[in-house]
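Here is the structure we will look at, set down as C-alpha cells.
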Amino acid sequence: MLLLGDAAFDAVEFLREVTATGAQFLARSSARRRPTIQRRPPDGSYPARLAVPTGPGTASLLDHKRHPAGELVEL
C-alpha cells in the first residue's frame, strides 16, 4: 500500500503510524522541515532521512530505476 500525502501530513508520529501498518509513504514536506539528503539520483529526486524507523524486510521506493520520481509524482 502506498500513502500519498500533502505537506500537512508529514508529522513524524503520523508517519510512524503509517509505517507500522506496513504501508509506504510519499509525502510532500513542509517548507520548515530540513531533512538530511542522503544522495541525489539522476531522476531529480533526493532521498532524505526522517526520524521514522523502518523494520527489516520493509519494502522501499528508494530505487530510482524501479520507481522514478516523476512516475511517483504523477500518481
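Below, all heavy atoms of this structure are taken into account, side chains as well, without hydrogens, waters or symmetry copies. For this chain, numbers begin at 1 and follow the sequence in order.
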Quick check for you: to the nearest 0.5 Å, what is the distance between Glu71 atom CD and Asp43 atom CG?
9.5 Å
Starting at CG of Leu2, measure out to NE2 of His67 and round the result to the nearest 0.5 Å.
9.5 Å
Less than 4.5 Å apart, any side-chain heavy atom of Phe25 and any of Thr19?
yes
Distance (rounded to the nearest 0.5 Å) between Leu15 CG and Gln24 CD
13.0 Å
